[in-house]
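Right, one structure below, let's go through it.
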Amino acid sequence: MRKTQKFPFRKIFLPPHKLSLTRPRPFKAYSFVPFSPFAMLDPTILTIGGIVLGIALIERILERWGVIDLVDQFAKVMRFILPVTFYSALIYFFATFMF
């Protein structure tokens, strides 16, 4: 006598779908963020600006009081501090918010 084997229909006609072992290659995605004026509300930028404005207001008040010698000293110091502060804040801003 012959022995018959039974195969399920799905095993014969519908092979199981195997997941692909290949993974997509990673790629670098770059995005461009347009400049926003609200980025200037960073606490560091505001602190630096407040200090510079405070020194300028003190200089004006001293000028009104007639303390010209002290005003001249402030002017000499501010002639150096203002450009250094401006460029430092600008470099900090671009290094922090653009990269």
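All values below were derived from every heavy atom in this structure, side-chain atoms included, with hydrogens, water molecules and symmetry-related copies excluded. Quantities reported herein were computed from a predicted structural model and do not represent experimental measurements.
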| field | Evaluation steps, side chain to side chain contact (heavy atoms under 4.5 Å, CB included), between Asp42 and Tyr92 | value | CA-CA 11 Å; Asp42 179 54; Tyr92 171 80; 3.2 Å; yes
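Residues in residues 70-90 take part in no salt bridge (Lys or Arg N to Asp or Glu O under 4.0 Å) pair, two or more places apart or across chains. Residue pairs that meet the salt bridge (Lys or Arg N to Asp or Glu O under 4.0 Å) test with at least one member in residues 46-70, sequence neighbours left out, are Arg60-Glu63.
The hydrophobic cluster containing Val77, built from Ile/Leu/Val/Met/Phe/Trp/Tyr side-chain heavy atoms closer than 4.5 Å, also comprises Phe80, Ile81, Val84. Cluster partners of Val67 are Ile51, Val52, Ile55, Ile58, Ile61, Leu62, Trp65, Leu70, Val71, Phe74, Met78, Leu82, counting Ile, Leu, Val, Met, Phe, Trp and Tyr whose side-chain heavy atoms approach within less than 4.5 Å, directly or via other members.
When hydrophobic clusters are built by joining Ile, Leu, Val, Met, Phe, Trp and Tyr residues whose side-chain heavy atoms come closer than 4.5 Å, directly or via intermediates, Leu53 is not grouped with Ile45.
Atoms CD1 and CG, on Ile48 and Leu90 in that order, are 11.0 Å from each other to the nearest 0.5 Å.
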